[in-house]
Each structure stands twice: as structure tokens, then as C-alpha cells.
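Counting starts at 1 for both ligands and their atoms, following the listed order. A quick note: this is a predicted structure, and the numbers were derived from the prediction, not measured.
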Amino acid sequence: MRKKIAAGNWKMNTTVDEGKKLAKDICDMIAKKPLKTINGNPGVIFFTPFVHLIEISKIIDGLDGVYAGAQNCHSKPSGAFTGEVSASMIKSAGITHVLVGHSERRNLFNENNKMLAAKASIAVENDLKIVFCCGELLDERENEKHFDVIRNQLKEGLFWMDERSFSNALIAYEPVWAIGTGVNATPGQAQEMHAFIRKQIAEKYGKKIAENFTILYGGSCNSKNAKQLFKQEDVDGGLIGGASLKAGEFFKIVQSF
Ligand code: PGA
């Protein structure tokens with residue numbers, strides 16, 4: 001069965017105290033209305049800034065189906081990389097998930113598919129689950145290159161994995177033109193690309209794995225459009241930026257399956 005997920009990507013927002021309050025407010029709502037009583041029995045992941053993670057993992061402790069994740073990790077195990085954080089450090093903090101290849105990492109920090117493949121590799125070696133992000137730029141869509149772009153990002157960044165490693169991956173499709181713009185992909189556009197991604201997975205790993213694989217949509221997803229997006233056959237949830245920073249709004253999205 002495909003796992004449904006609502007994940008919040010907090011990006012570089014909130015102080016530690018603000019982040020603790022945000023997580024606590026959401027967790028209080030979940031405690032009152034457990035995830036397994038919600039349609040789809042979704043999982044929830046908070047992708048928080050690094051310095052928040054240990055505190056957030058204390059807050060979610062004991063709540064079924066709620067996880068904390070890092071937004072990035074370095075591609076090397078350890079060493080002279082001032083300012084970086086390794087996958088084993090994340091794991092040692094009791095964290096279970098990490099984002100790999102968010103478009104802001106790709107576009108603002110020049111992370112290419114080769115580097116992302118190395119990050120994905122070290123993350124799964126350390127038993128972290130990865131959410132591998134892919135997405136095309138506006139001009140790539142306008143020039144009808146979006147399918148080629150996604151195919152290539154998956155092929156170079158992720159599809160080198162063997163089946164076992166791949167079972168620790170999820171994919172988030174996040175068209176760059178939809179991120180933080182207020183212009184979400186239409187449910188039809190999301191479904192079309194998600195179906196394409198699932199087909200790529202089926203060709204590489206077989207139909208059964210593809211059928212059970214979770215593919216999230218991200219890009220201006222909010223409580224108003226989540227239901228329509230999540231209703232699409234191949235959309236298994238969302239990676240939510242701006243709308244994950246308000247507890248009530250995010251919890252509405254969690255209940256949109
Ligand atoms: P957004 O961001 O929901 O604010 O568009 C999504 C993301 O970047 O993961």
C-alpha cells in the first residue's frame with residue numbers, strides 16, 4: 001500500500017522557540033485527532049532547520065506516524081567541510097528523514113545530479129529515508145522540456161540505486177515555477193507528471209515497486225488546493241513550504257486525503 005504523507009518544509013524559517021511551538025501546536029492537534037483516524041492514515045514529517053531537530057524529535061516522541069527530517073546533508077561521511085552536516089550526524093540525533101535535491105539547493109547552491117546522487121547514497125547508507133526532489137523551471141515547461149528534465153534528474157540522481165536502497169526513497173515533484181509563487185500546478189498537471197514519474201519507476205524497478213511508491217507534490221500547496229491535488233490517482237501527498245508554517249493551516253492539509 002502506498003503511504004500517504006504530508007510533509008512540512010520549514011526552509012530557513014523560525015527560531016528554535018518558534019519551531020518548537022509550531023511542532024507542539026501541530027502535535028497537540030494530532031494527539032486529539034490521531035493520524036490513523038484521519039482519511040488515508042497519513043504520515044507527517046517536519047523538515048526543520050538543523051538546530052531545531054533534536055528539540056523537535058523530543059516533541060514528536062511517542063506520536064505514531066510523525067517524523068522529523070533534515071533539509072540537507074553533505075555527500076561525505078566526515079572531515080574538513082566547515083559548516084556542513086553529515087548523514088551520520090543526522091542519524092545520531094535520532095532523525096529519520098532527509099530532503100535531497102530541493103530546487104533551492106539545486107538552483108541557489110549549485111547542487112547537480114551527481115552531487116545529489118552522492119548525498120542520496122550516503123543518506124541511505126546511514127539508514128535515513130530520503131525525499132528526493134525533482135522539478136522543472138518555468139522556461140523548461142514552456143519549451144516542453146519538463147518530461148526530459150524530470151527523467152534526467154531521476155536517472156542521474158536516484159535511479160542508480162539498487163532495489164533495497166530505493167525502498168528508502170520517496171520522490172517529491174516540485175515544479176520550480178510553483179514554489180513560493182502562489183501558482184500551484186493544476187491537479188491535471190500534477191497528475192500527468194506523477195503518472196510519468198511512476199512509469200519511470202516501473203520501467204526501472206518493476207510495476208509492483210512503482211505501484212507502492214509514494215510520490216509527493218510540492219509548490220504552493222495549501223489547505224484550499226490540497227484536496228483536489230491529493231485526490232489525483234498518482235499524488236500521494238505533499239511537500240508543503242509556506243503553508244506548513246501555520247499549525248492550523250498545515251493540520252488542515254494533513255486532513256485533506
Ligand atoms: P511552497 O514550497 O509550498 O512554499 O511553494 C514548497 C517547497 O519548496 O517544498
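Listed by chain and residue number, the protein contacts of ligand 1 are Asn9, Lys11, His102, Glu174, Ala178, Ile179, Gly180, Gly219, Ser220, Leu239, Ile240, Gly241, Gly242 (heavy atom within 4.0 angstrom).
Checked against a 6.0 Å centroid threshold, the rings of Phe159 and Tyr205 count as neighbours.
Using modelled atom types, one finds a donor on one side chain and an acceptor on the other under 3.5 Å when comparing Tyr173 with Glu136.
A salt bridge links Glu111 to Lys119: at least one charged side-chain nitrogen sits closer than 4.0 Å to a carboxylate oxygen.
Counting heavy atoms of neighbouring residues, nucleotides and ligands inside a 6.0 Å radius, atom CG of Asp148 exceeds 12 of them. The environment of Lys91 atom NZ is dense: over 12 non-hydrogen atoms of other residues, nucleotides or ligands sit within 6.0 angstrom.
Through direct or relayed side-chain contacts under 4.5 Å between Ile, Leu, Val, Met, Phe, Trp and Tyr, Ile45 connects to Ile5, Phe47, Tyr67, Leu99, Val131, Leu170, Leu216, Leu239.
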